[in-house]
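Data block below; observations after.
Just so it is clear, the model here is predicted, and its values are computed rather than measured.
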Amino acid sequence: MSTTKRIGGAQRPVWWIGRLSVLVAVVMVLSSVLGSHLTSAKQLHSATNKGGVIKIGVLTTLAGPFAVPGQDGYRGVQIAFKQVGYKVAGKTIKLIEEGTDASVGLARDKVRKLVEQDGVDFVIGPLSGDEGLYAVKPYAKLHPNVTFINGTSAAEDTTLRSPSKNFFRFTTDGVQWMAGLGNYAYQTKHYHRMALVAEDYSFPYSQVAGFMTEFCRNGGHMVQKNWVPIGTHDYSSVVTKIPSNVDAIYVALGGSDAVNFLKAYDQFGGKAPIVGGSITVDQTVLGTKGALQKRLIGVPSAGPTADNNPSPAWQAFVRYYKTIPGHLPLPGLFVTGYYYEARAAILALQKVHGDLSGGQKKFQNALAHLRFSGPTGAVYLDHNRNAVADMYLTEVVKQGNSLYNKLIKVTHNVNQTLGVPEAQFLKRGPLSRNNPSCP
């Protein structure tokens, strides 16, 4: 029987009523399926916790110029959980790793996958500065009931400006890592006029700011800045335009970018000595064999680790690290940084007995109030949930066929503003290519 309606004296089929009925039915089915899916996802997540499994997402760089650092970062997480037998507070730890290429877009996609598809309880990572500042931090603000614990992403503004209450960083930042280096370059090495070569993104902005804060205060001049994209292969044009009358070059490049620059610098006969950013002299770069080693010998730097740190805790960590397949000659800042973040997660989970209920507020509170010691010393968080810790001034030396960072000086309890009052530091504005600059 057809449904009709009289219009203007004629009977016409009201076809849209039938189609509307079908459409309503389809919507109801889809809603039922979607609701069932969301409910089952929540139930699965809840059942997973109740069943004694804690799922942790680990975000590292596994492609691009920082692939080797990313692999070492993941080793740090493995070491931390291997030490407790992948059991915390009576619950089994399951790691789900996702790799990025240090780009913001891919980092955003991968963190969404970990949380929304894999249903992880919390995330450790990312590795690179822009990933933390522009991908994970904004995502964390939209998901306050999920906890995000940094990897080695070290852009200062990730925590200093408009921090997210559920994002925690136990690895300090790029500004802090430079503590002592600007003074050393000017006062001890007598480098008064310098040029710089750095990758053009948030982390090197932080490294340059940390170095220049001390260097400029001493009276130093940064006479030229060369900013290059991540993943640059040809540095010939950069090397050839560096002024010949500089005392040294400050280089803030990492991974294959650092190696490619050193090759070009050697090929074009660069003469000025080098001062290195933290990741420029990490073991991921120092492990390079061959002629490039001579360019690295004598390079001063600073950061959260020193290869020959005499501390028993560091020496024990070195021995443990060398039992992990694929290890580098010595542990650098990436493996150490991810280890600290994973260790913080373990301690906080123990403190709350593995309870991640209530929007993880108890877990987050435990993280915020942690104070513990690790391979490089004690660490605690400030009001921005950013670490305060010791920093190490170093210089590259050669022993046998290997290079390592020899400890020169330790600066204790370095905070995010290098001792400058926070309000005064914030007045300088967000860090960029041109901020700061020496007079």
Tell me if the [atom1] atom of [X] is crowded by more than 12 foreign heavy atoms within 6.0 Å.
| X | atom1 | answer |
| --- | --- | --- |
| Arg295 | CZ | yes |
| Lys94 | NZ | no |
| Asn401 | CG | no |
| His383 | NE2 | yes |
| Lys406 | NZ | no |

Trp314/Tyr321 aromatic ring centres below 6.0 Å |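 Judged by ring-centre distance (under 6.0 Å), Trp314 and Tyr321 do not meet the cut-off.
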Which atom of [X] lies closest to which atom of [Y], heavy atoms considered:
| X | Y | answer |
| --- | --- | --- |
| His192 | Phe215 | O-CZ, 3.6 Å |
| Val175 | Ala209 | CG2-CB, 4.4 Å |
| Glu214 | Leu181 | OE1-N, 3.3 Å |
| Ala366 | Val352 | CB-CG1, 4.0 Å |
| Pro331 | Phe317 | CB-CE2, 3.8 Å |
| Ala198 | Pro204 | CB-CB, 4.0 Å |

Do [X] and [Y] meet the criterion of a side-chain donor-acceptor pair at a distance under 3.5 Å?
| X | Y | result |
| --- | --- | --- |
| Ser164 | Asn166 | yes |
| Ser236 | Asp234 | yes |
| Asp173 | Ser206 | no |
| Thr60 | Tyr338 | no |
| Ser153 | Lys137 | no |
| Tyr184 | Glu395 | yes |

Asn405 side-chain N/O to Asp307 backbone N/O, donor-acceptor pair under 3.5 Å =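 Not confirmed, Asn405 side chain does not pair with Asp307 backbone.
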Hey, can you tell me if [X] and [Y] have their rings parallel, tilted or perpendicular (30° and 60° cut-offs)?
| X | Y | result |
| --- | --- | --- |
| Phe148 | Tyr139 | perpendicular |
| Phe122 | Phe363 | tilted |
| Phe261 | Tyr265 | parallel |
| Tyr201 | Phe203 | tilted |

Between Asp266 and Lys294, does a salt bridge (Lys or Arg N to Asp or Glu O under 4.0 Å) hold up when you go through it step by step?
-> CA-CA 9 Å; Asp266 186 62; Lys294 69 179 186 296; 3.0 Å; yes
So, do [X] and [Y] sit near enough that their side-chain heavy atoms are less than 4.5 Å apart?
| X | Y | result |
| --- | --- | --- |
| Gln283 | Thr305 | no |
| Asn435 | Tyr205 | no |
| His143 | Glu116 | yes |
| Pro329 | Leu286 | no |
| Val228 | Val238 | yes |
| Tyr86 | Gln78 | yes |
| Met212 | Tyr250 | no |

Rounded distance (nearest 0.5 Å) linking atom [atom1] of [X] with atom [atom2] of [Y]:
| X | Y | atom1 | atom2 | answer |
| --- | --- | --- | --- | --- |
| Leu59 | Leu114 | CG | CG | 6.0 Å |
| Glu156 | Gln176 | CD | CD | 7.5 Å |
| Leu253 | Leu262 | CG | CG | 8.0 Å |
| Phe170 | Tyr339 | CZ | OH | 13.5 Å |
| Phe66 | Leu127 | CZ | CG | 7.5 Å |
| Leu62 | Thr100 | CG | OG1 | 7.0 Å |

In sequence, state the C-alpha distance, the side-chain angles, and the governing distance for Ser311 and Asn309, and then conclude on side chain to side chain donor-acceptor pair (under 3.5 Å).
-> CA-CA 6 Å; Ser311 160; Asn309 184 344; 4.6 Å; no
May I have all residue pairs that pass side chain to side chain donor-acceptor pair (under 3.5 Å) and include part of residues 255-264, sequence neighbours excluded?
->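 Every pair satisfying side chain to side chain donor-acceptor pair (under 3.5 Å) with a residue in residues 255-264: there are none.
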Residues which pass side chain to side chain donor-acceptor pair (under 3.5 Å) with Lys87, listed by chain and number, not counting sequence neighbours |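 Result, side chain to side chain donor-acceptor pair (under 3.5 Å) vs Lys87: Thr92.
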Lys189 with Asp247: basic N within carboxylate O range, under 4.0 Å =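 No, no charged N to carboxylate O under 4.0 Å.
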Given Asn384 and Leu160, is the side-chain contact (heavy atoms from CB on, under 4.5 Å) satisfied, shown in steps?
-> CA-CA 6 Å; Asn384 292 321; Leu160 184 62; 4.0 Å; yes
Verdict with supporting geometry, Asp72 and Arg75, salt bridge (Lys or Arg N to Asp or Glu O under 4.0 Å) = CA-CA 5 Å; Asp72 217 32; Arg75 291 186 194 106; 2.6 Å; yes
